[in-house]
Amino acid sequence: MTVSQISNGIKTMNQNDLRELNDLVVKQLKHNSRIESLQKSSSIEVGQIVEVNHPKLNGKWEITKVKVTKCDITQDHQHYTIPMSLICS
């Protein structure tokens, strides 16, 4: 299906169908995010120097703790817990 076909189909759906569709989309997005985080967590380790894809967190950061979907980073006495999706190895 194309996006335009989905868009046209949504226009004809009732409230309950839209809620069910929204629930399915949210579940799939969370699942995809979880899989991505698990894949990324297997490729990073404590002590690794990484860059962070965020405008306020420029520069090189050291990973101090790896969690399931997040990790702790430090740089010059600054400490943050960030989602793995922001890490650029």
Side-chain angles (χ1 to χ4, degrees):
M1 277 188 136
T2 65
V3 174
S4 62
Q5 290 172 326
I6 294 171
S7 178
N8 289 336
I10 287 174
K11 292 176 185 175
T12 62
M13 297 173 106
N14 62 32
Q15 287 276 22
N16 290 332
D17 290 341
L18 288 170
R19 284 190 181 106
E20 185 177 339
L21 178 62
N22 182 55
D23 185 49
L24 291 171
V25 169
V26 169
K27 284 180 182 178
Q28 186 63 45
L29 286 169
K30 286 183 179 181
H31 175 74
N32 291 354
S33 176
R34 176 99 172 167
I35 295 296
E36 180 183 325
S37 293
L38 290 172
Q39 288 173 342
K40 192 164 277 198
S41 70
S42 67
S43 68
I44 62 172
E45 55 189 34
V46 174
Q48 184 176 354
I49 304 298
V50 296
E51 292 185 13
V52 179
N53 186 15
H54 192 278
K56 292 185 178 180
L57 302 175
N58 290 331
K60 305 284 185 183
W61 294 81
E62 180 181 357
I63 296 176
T64 56
K65 185 173 183 181
V66 178
K67 302 174 185 177
V68 176
T69 59
K70 296 182 179 185
C71 65
D72 294 345
I73 58 172
T74 59
Q75 176 193 62
D76 300 331
H77 306 293
Q78 294 178 334
H79 176 82
Y80 294 99
T81 299
I82 62 167
M84 298 232 189
S85 61
L86 293 182
I87 293 179
C88 303
S89 297

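What you see is a predicted model; the values in this text were computed from it and never measured.
Within the model, atoms NZ of Lys70 and OG of Ser85 stand 10.0 Å from one another, a figure rounded to the nearest 0.5 Å. In this structure, CD1 on Ile63 lies 5.0 Å from CD on Gln48, to the nearest 0.5 angstrom.
Counting heavy atoms from C-beta on, the side chains of His79 and Ile73 never come closer than 4.5 Å. The closest side-chain heavy-atom distance from Ile10 to Leu18 is below 4.5 Å. Ile87 is listed as a side-chain neighbour of Cys71, based on a closest heavy-atom distance under 4.5 Å.
Between Trp61 and Thr74 the shortest heavy-atom distance is CE3-C, 3.4 Å.
With a 6.0 Å radius and a threshold of 12 heavy atoms from other residues, nucleotides or ligands, Gln78 has its CD atom above the threshold. Remark: Glu20 CD is loosely packed, at most 12 non-hydrogen atoms of other residues, nucleotides or ligands lying under 6.0 Å away. For NZ of Lys67, the number of neighbouring non-hydrogen atoms (other residues, nucleotides, ligands) closer than 6.0 Å is greater than 12.
Under the 3.5 Å distance criterion, the side-chain polar atoms of Gln39 are left unmatched by any main-chain donor or acceptor of Glu36. Proximity of a side-chain donor or acceptor of Gln75 to a complementary backbone N or O of Lys60 within less than 3.5 Å is detected.
A salt bridge links Asp23 with Lys27; the closest basic N to acidic carboxylate O contact falls under 4.0 Å.
Taking hydrophobic clusters as Ile, Leu, Val, Met, Phe, Trp and Tyr residues chained together by side-chain heavy-atom distances below 4.5 Å, Leu86 shares a cluster with Val46. Ile6 and Val25 fall within the same hydrophobic cluster, defined by Ile, Leu, Val, Met, Phe, Trp and Tyr side-chain heavy atoms under 4.5 Å apart, directly or through other members. Grouping the Ile, Leu, Val, Met, Phe, Trp and Tyr side chains by contacts below 4.5 angstrom, directly or via other members, places Leu24 apart from Leu29.
Here the rule is side chain to side chain contact (heavy atoms under 4.5 Å, CB included) with Met84, and of Thr69, Val66, Val68 only Val66 fits it.
Defined by atom type and a distance below 3.5 Å, a donor-acceptor pair is missing between the side-chain atoms of Thr64 and Asp72. In this model, a donor atom of one side chain and an acceptor atom of the other lie less than 3.5 Å apart for Asn32 and Gln28.
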